[in-house]
Number of protein chains: 2
Amino acid sequence: MRDVAKFADVSVATVSRVINGKGDVNPETRKRVEQAIEYLHYKPNDVARTLFRGKSKMIALFVPDIMNPFFPELARAVEDVTNKYNYTFILCNTDGDLEKELTYIDTLQQKAVDGFIIVSSTITDEMLKKISVPIIALDRFFHSELASITVDNYQGGREATEYLQSIGCQRIAHLCGPESASNTMERLRGYMDVVRDTDWFLSSYLLSCNYNMEQAKVMTMEMLRNHPEIDGIFAANDVMAIGAMKAAEQLGIRIPEDLAVIGFDGSSVGEATSPTLTTMAQPIYDMGTRAAEMLMEQIQTQVAPKTIETFPVHLLERESTKRKKVAHG
Amino acid sequence: MRDVAKFADVSVATVSRVINGKGDVNPETRKRVEQAIEYLHYKPNDVARTLFRGKSKMIALFVPDIMNPFFPELARAVEDVTNKYNYTFILCNTDGDLEKELTYIDTLQQKAVDGFIIVSSTITDEMLKKISVPIIALDRFFHSELASITVDNYQGGREATEYLQSIGCQRIAHLCGPESASNTMERLRGYMDVVRDTDWFLSSYLLSCNYNMEQAKVMTMEMLRNHPEIDGIFAANDVMAIGAMKAAEQLGIRIPEDLAVIGFDGSSVGEATSPTLTTMAQPIYDMGTRAAEMLMEQIQTQVAPKTIETFPVHLLERESTKRKKVAHG
DNA sequence: AAAATAAATGTAACCCGTTACAGAATATAA
DNA sequence: TTATATTCTGTAACGGGTTACATTTATTTT
């Protein structure tokens, strides 16, 4: 910058004014400075700016694990928005580990990160208090005074279950995720509200299996062996649904004829399976986009309204439930 | 920091010495400073350090699109190493777009990023010249004087094709990716070297379809209709292989009985399909790890050897090729 | 005990921008 | 013409660390 100033025969202050378009600068001087910048290929040092301003134009996204097929799309959405606003995007895999989250929070704040988008079921209010910049809770709602973006998990759970009924399923099991996650608990509640008072419901129709395909497969296999009457499975995410389909396949149970399977998420793996997976699709990309936009707004306005936005889910009907519909009840 | 210095009744220089463990500090003074730090919950401002040192402890990974199932695992590996060294990880989706790559390069260098790991087929030497920090080329090799990590794509292409022959396939087609990518071209070369001189090979057994599932499906469908004699397909990545399987399914062609399919990558989607997908697996996580380790080393040592590491691929035999083996030839 | 060496600490410049403030030059108003 | 407002530009402090160098104090050596 000194070089540019010297070259254009002005002070650094003037160069700064030209770069930022702030303050009055004589058009001729401006031109001279711009030429100097051009000539010297000058690029301002963003670190110095950050130091002065206390803002880095960086935001971070916390996800449990990018290898879970739900998150790449989310991350992509966030990055796209981030880019649009000329911010830089930092991806953090937390594995749902408090220690890791804590380390990230410290490190990133020392780097003057301007905001966080957090997918977490473990994070505590105490930890959040350590964060002095805007935060958006995404996908999972952890109780606190935060803006958050989720889907209507309860409604999704209901609809998925009712949908299975509507295509004729008489005995519907549910594979649910870890208890710590608010989203899976809501889906479970939706399921329960539909099946609780039926004459067929058994608590052994309920399996808890951590969003993991292999585990879902093993547990489903056992359940199907003990309960061959089951003719519908609602899994709380797509990965578990795929596990369930594999279990059925291995047992020679046909999908969708003998057993209908519906997942949750609408992640793209559901298209890779045969039959393709029917699922309660979340508008993943839109949610990521909205979270990022909301964060940008909070960063810009310095205001942090406790907006809670709930996106609708929609039924993505594919092959794993393709039967002739039967009259309700 | 001034506060800490005041509180401990020393100068900022001494505080800095304590923090960095450099220079001689009286044990008592050190203790006093440490207590002050503790008491005031002092955390050094990383931006100021970065400004002084010219190093940010951040590295960036360029990938075409994190939504492609090959990349999450790679990104995860890089992030894990990044973390281990207390660096911060920046993920950049380039869409193979030169403009985007260029923008990222500028922005990140202004932020004093310490190194790049780049997956790209488009990037030019001219662009690389703009980068003044270590770079590792990953997955795809773009000609330049760079350290790079790839797999033996040629060998993989050969082996995949020969494997199909070994299980009895008589007419083997190949779905290859975009011409711009060095890796897919090598796989093609491997395939060609096996089939070129056979008496059955036809140029129409070769399909070019951009790593895209839907396109692969459509093109395969057409090919299988025109060439029902095809009994083996080698796809240059898993996503296309899945497209091919779907095409077969839709045409009522059984896999693996009538048609064997092998993919390339060993990404986790291959486990979600039915039948599960046989594939030439790359050690994705290891490659990411190695690339990151190599980058860390170059950052630390300031030396940039033009190491070229080629990882082996290995056959991951799953169901899409499960037949009784037949004697070679 | 004087001299030499080592340890402990502080002062101030530096990293590279931004901006408050002041001063000079020019334009407009009285 | 003088007073006042405007435009333009520079000086210097600041953000929050690091470190070369100087200085003081303690320890060893002779």
Side-chain angles (χ1 to χ4, degrees), chain A residues 1-38 40-58 86 88 106-114 132-133, chain B residues 1-38 40-58 86 88 106-114 132-133:
Chain A
M1 183 155 163
R2 321 264 167 206
D3 297 338
V4 174
K6 209 166 288 168
F7 192 90
D9 195 30
V10 293
S11 73
V12 290
T14 302
V15 176
S16 180
R17 284 187 200 103
V18 171
I19 291 170
N20 296 297
K22 279 185 195 167
D24 300 308
V25 180
N26 185 307
E28 282 176 33
T29 314
R30 161 169 295 120
K31 200 168 204 172
R32 212 145 26 90
V33 172
E34 280 165 352
Q35 284 169 348
I37 289 173
E38 175 88 6
L40 298 170
H41 297 110
Y42 168 76
K43 294 270 162 59
N45 178 323
D46 205 54
V47 181
R49 288 157 99 118
T50 297
L51 178 58
F52 186 86
R53 298 204 226 264
K55 316 217 148 206
S56 61
K57 301 204 101 188
M58 299 195 294
N86 289 116
T88 295
D106 279 349
T107 310
L108 295 174
Q109 290 212 109
Q110 289 175 41
K111 289 190 184 299
V113 159
D114 295 347
S132 52
V133 292
Chain B
M1 183 153 164
R2 320 265 169 206
D3 297 337
V4 173
K6 210 166 289 167
F7 192 89
D9 195 29
V10 293
S11 72
V12 290
T14 302
V15 176
S16 179
R17 283 187 201 105
V18 170
I19 291 169
N20 297 298
K22 278 184 195 167
D24 299 308
V25 179
N26 185 307
E28 282 177 36
T29 313
R30 162 170 295 121
K31 200 169 206 173
R32 212 148 21 93
V33 172
E34 280 165 353
Q35 283 169 351
I37 289 173
E38 175 87 5
L40 299 170
H41 296 111
Y42 168 76
K43 296 271 164 58
N45 179 322
D46 205 55
V47 180
R49 287 157 100 118
T50 298
L51 177 57
F52 185 86
R53 299 204 225 265
K55 315 218 149 202
S56 62
K57 300 203 99 187
M58 299 194 295
N86 290 116
T88 295
D106 278 349
T107 310
L108 294 173
Q109 289 212 108
Q110 289 175 41
K111 289 192 185 296
V113 159
D114 296 346
S132 52
V133 292

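Note: hydrogens, waters and symmetry copies are ignored here, and every other heavy atom, side chains too, is used. Lettering of chains follows the sequences in order, A, B, ..., and the numbering in each one begins at 1.
Put simply, CG on B:Asp3 is 14 Å from C1' on D:dG15, counting in whole angstrom units. Nucleotide C:dG17 holds its P atom 11 Å from the CG atom of A:Asn20, rounded to whole Å. Per the geometry, CZ belonging to B:Arg30 stands 13 Å off P belonging to C:dA7, to the nearest Å. The NZ-C1' distance, from B:Lys55 to D:dT18, rounds to 16 Å in whole Å. Atom CZ of A:Arg17 is separated from atom C1' of C:dT19 by 8 Å (rounded to the nearest Å). If you take CZ of B:Phe52 and P of C:dA12, they are 17 Å apart, rounded to a whole angstrom. With rounding to whole Å, A:Met1 atom CE is found 10 Å from C:dT19 atom P. One can place CG of B:Asp9 at 17 Å from P of C:dA8, the figure rounded to the nearest angstrom.
If you take OG on B:Ser11 and CZ on B:Arg2, they are separated by 10.5 Å, rounding to the nearest 0.5 Å. With rounding to the nearest 0.5 angstrom, the CD1 atom of B:Ile37 is 4.5 Å from the CD1 atom of B:Ile19. Annotation: the span from B:Thr50 atom OG1 to A:Lys111 atom NZ amounts to 5.0 Å, rounded to 0.5 Å.
Checked by atom type and distance alone, the side chain of A:Gln109 pairs as donor or acceptor with a backbone atom of A:Ser132 at under 3.5 Å.
Of the residues in residues 40-49 of chain A, A:Ala48 come within less than 4.0 Å of DNA chain D through at least one heavy atom, sorted by number.
The residue A:Asn26 sits close only to the backbone: its heavy atoms come under 4.0 Å of sugar-phosphate atoms, none of a base. In this structure, B:Arg53 reaches the sugar-phosphate backbone alone: every heavy-atom distance under 4.0 Å involves primed, P, OP1 or OP2 atoms, never a base. Residue contacts for B:Val10: at a heavy-atom cut-off of 4.0 Å it reaches the sugar-phosphate backbone alone, with no base atom in range. Counting any heavy atom pair closer than 4.0 Å across all strands shown, B:Thr50 reaches no nucleic acid atom.
Closest contact between the side chain of B:Pro27 and the listed nucleotides C:dA8, D:dG10, C:dT11 involves C:dA8.
Here the side chains of A:Gln110 and A:Thr107 are not in contact, with every heavy-atom distance at 4.5 Å or above. With contacts defined as side-chain heavy-atom distances shorter than 4.5 Å, the pair A:Thr14/A:Asn26 does not qualify.
An OP1 or OP2 oxygen of D:dC8 is reached within less than 4.0 angstrom by no side-chain nitrogen or oxygen of A:Thr14. In terms of phosphate contacts, A:Thr29 brings a side-chain nitrogen or oxygen within less than 4.0 Å of OP1 or OP2 of D:dT9. In this structure, B:Ser16 does not reach the D:dG17 phosphate: none of its side-chain N or O atoms is under 4.0 Å from OP1 or OP2.
Nearest-nucleotide positions on DNA chain C for B:Ala13 and B:Asp24 put B:Asp24 closer to the 5' end. A residue-by-residue look at B:Lys22 and B:Leu51 shows that B:Leu51 has its nearest nucleotide of DNA chain D further toward the 5' end.
For B:Arg2 against D:dG15, no side-chain N or O and base N or O form a donor-acceptor pair under 3.5 Å.
None of B:Val25, B:Val10, B:Asp24, B:Val33 except one satisfies the side chain to side chain contact (heavy atoms under 4.5 Å, CB included) rule with B:Arg17; the exception is B:Val25.
Comment: A:Asp114 does not engage A:Lys55 in a salt bridge, judged by the lack of any side-chain N to carboxylate O separation of less than 4.0 angstrom.
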